[in-house]
Each structure stands twice: as structure tokens, then as C-alpha cells.
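Take a look at the structure below.
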Amino acid sequence: MPKIPAAVEDFRELARQRLPRFLFDYIDGGATEEQTLKANEEAWKQVHPRQRVLRNVEDTSTNTTLLGESCSLPVVCAPVGLAGMMATRGEVQGIKAANQVQVPFTLSTVGICTLEEVNSAATTPCWFQLYMIRDRERIEKLLQKAWNSGSRTLVFTVDLPLPGMRHRDTRNGLEATGFAGALVKASQIISRPGWIYRVALKGQPLTFGNLSDAVPNGKDLDAFKAWVDSQFDPSVTWEDIAWIRERWQGKLILKGILDAEDAQKTVEVGADGIVVSNHGGRQLDGVHASAEQLPSIVKAVNGRLTVLVDGGIRNGVDVFRALALGADGVMVGRPWIYAVAAKGEAGLVQLLESWQKEFRLAMMLAGVTRVEDIGREHLAELKN
Ligand SMILES: Cc1cc2nc3c(=O)[nH]c(=O)nc-3n(C[C@H](O)[C@H](O)[C@H](O)COP(=O)(O)O)c2cc1C
């Protein structure tokens, strides 16, 4: 193991060493046979930048604007549930790092820290991710809470009518309440005394921050999980998106679009952006990698809204590949949470800064100096 982590795989390995197994697997795993999880990473590798030389690329900038927000590179930290279980107040460390590098940070509905805690630690407020919950009054309250705490971009996730079948979680007792589950988790926790100190003791309160008033037994994560599972609403339709649109005056992004016909509809309901996503391979195993679906979706929306993509982006060259295929920016899930679990805020700053360098290098060697100018002509082979 290298002393100084340089790339995502180094942070991943450090996270594996520091976290109880059930938490590492919760981050690292995917649905069913994890076919889509693997395909997501592999598909980017089939996209080849076109190397061009002698084009005066001295004045190359990675700056851009995403949904009206200035960014130092076209990367957004994706919503990751339970981030505060991976490091001391994980969401706060995450947004501080993201603010420092100047990229947007998204807080999950099922984050540990509240909107208020995260936004009061921030120089630029978070984007807030929402799942549809059966109790519509609670949704209205959450929208209000997000707005009042300063958030102006809502990321509404549409690919989770039910959580996917994640077998690693079942094996580790994450799905089970009662004695058997507790025993498995306890045995894994005992082997990570550093985590007990950093998170279980120093990282309190470990509740689902934004939902903590919803469940009577606010400190019991198992009870919370049962509540959240029963509250996810699989009856959601496009009409509910219209309902959300009426109640949210900020930017609205729909996350979890993987089909060109659905993408077409997102334009009709007045979304400002989409995230082309299969939830990082955590939902329906076997669906195409996001990279494979991106070109047809870009074509369908035809510049009418902002297109972000996530799933398997692991370095600055992958960011370049995504933009060359037509995305305006990318979201990253596992990379940021591995970095925070491994080395906290400083780890995420280091990772994002190294991606920025790598992305800039890719731009320079492809002969393009402005983010907005990256396109298909910067790819050597067009597979789609
Ligand atoms: C541990 C973990 C928790 C996640 N929790 C959420 C969540 O609460 N809400 C959501 O919309 N997506 C969630 N996602 C999906 C991510 O936002 C994102 O779509 C996915 O991680 C992208 O793939 P990548 O991890 O390969 O970058 C989660 C992903 C991971 C790995």
C-alpha cells in the first residue's frame, strides 16, 4: 500500500482498512451480480480521447458553470446516504472540501448531518437530494427546510422505487434487525477501534439528520432504515414531478434517467437538468453502463437542459470522456466517500485537485482550451 494516496484505488484501500466491513461493503457494492457496477467503469475505457499536438494550449482553463454555479471543474459530489457513518460528520467534511476546490456538493435525503449543519459549515450551500416519501407534507417541509437553509438546487432521484438487491448488505447483517444482524455488525465493529473512536464516539449524533423528527426512536439506525424503506413511494409518476416543480422555485434536476424516451419527458416537465445514472449499479443489475446510454440521451434532449452523468467515473480523463460524449458535467459517488473515509476533508481536496490536473492535461493533449468546446471531435473512435 503506498504511503501517499494518489488515485481513487488508493483511497478505496485506505477506506477498506478503516471501516467496519458492513460499511465498506455498503459503499463498494452493487446490486445482484454487480454486473452494471463493473460495466460502468469499463465502459469509459472504451472511449478514446484523440491526441492532438502543437496547438498552443498554454491558456487552458477547467473552469465552467453548472446550473448557474461557477465550478473549477465540471464535477459534482453525488448524494451518498449515510456518509456521516464513514467519517466524523462526513457530510460536513465533504462539503468543506468541495467548497475549497469549488465544486458543488449534494446532500442525500438519508445523510447523517442536517441541511442546517452542512450549509452553516459551507461557503456555497449544498444541492439537496430528495427521494419521494409517501408523506407529502413531509416532502413540503423538507423543501422548505432546504430553501431556508440556503440550498437552491434540488436533485430529485427517480430510480429508487425500492432499494436494489444488494447481497453484500444482506450478508453483513445490514438488512437484518434483531440479534443475528447485531452480532455480525458488532464483530466487524470491534475490529476497527479507530472507527469506534472517530465516528461512533466523536461523530454523534448518528441519526438521519433531515428525517430525525420523523421516527420516534431517533437514535436507532435500524428503526430509521425500516421507516425509510416503508416510506419510499413506488407510486410516483410524472405528475408528481409536476407537483414538485410547482413547489420548488430553484433549479430542479432529475437523477436516474437512463433512457432517451424518459429524457425527452424530463424536458416536458420543466426540469433544468438530469443525471444520466443507474445509481452506480446499485439498482437494476444488467442495465447498460451510463457511458453507453449517454450519447442517445444527449441527442434526445438536444441542448434543452443540463446533462450530468455518473457511474464509474474514476479520474480526470473519465471526466474528459464524459464531456466529449456530450455531458455538461459529471457526478461522482464512491470516489468522494472513499476519500473522506480514508483521509477526511484533506483527502477529498487532494483527490479533486488531482482530478483537476488530470482533466486539464487531457484537455491540453486533446488540443482544447475551454470546457465548453470539448466535443465529439476530441474522440478518436466513435463507438455510438
Ligand atoms: C454508498 C452510496 C450511497 C448512495 N446514496 C444515494 C442517495 O442517498 N441518493 C441518491 O440519489 N443516490 C445515492 N447513491 C448513488 C450516487 O448518488 C451515484 O449515483 C453513484 O454513486 C454514481 O456512481 P459511482 O459511485 O460509480 O460514482 C449512493 C451511492 C453510494 C455508493
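When a residue number appears, it is its place in the shown sequence, counting from 1. Numbering of ligands and ligand atoms starts at 1, following listing order. The structure presented is a predicted model; accordingly, all values stated were derived computationally and were not measured.
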Does the Lys NZ or Arg CZ of Arg282 fall within the cation-pi geometry relative to Tyr26 - under 6.0 Å from the ring centre and within 45° of the axis? yes

Side chain to side chain contact (heavy atoms under 4.5 Å, CB included) with Ala339: which residues, sequence neighbours excluded? Phe11, Leu348, Leu351

For ligand 1, protein residues within the heavy-atom limit of under 4.0 Å are Tyr26, Ile27, Ala78, Pro79, Val80, Gly81, Ser108, Val110, Gln129, Tyr131, Thr157, Lys255, Ser277, His279, Gly280, Arg282, Asp310, Gly311, Gly312, Arg314, Val332, Gly333, Arg334, Pro335

Contacts of type side-chain hydrogen bond (donor to acceptor under 3.5 Å, both in side chains), residue Thr88, not counting sequence neighbours: none

Do NZ/NE/NH1/NH2 and the carboxylate oxygens of Glu116 and Lys145 come within less than 4.0 Å? yes

Side-chain ion pair, Arg16 and Asp28, N-O less than 4.0 Å: no

Does anything in residues 247-271 pair up under salt bridge (charged side-chain N to carboxylate O under 4.0 Å, His left out), and if so which pairs, sequence neighbours excluded? Glu140-Arg247

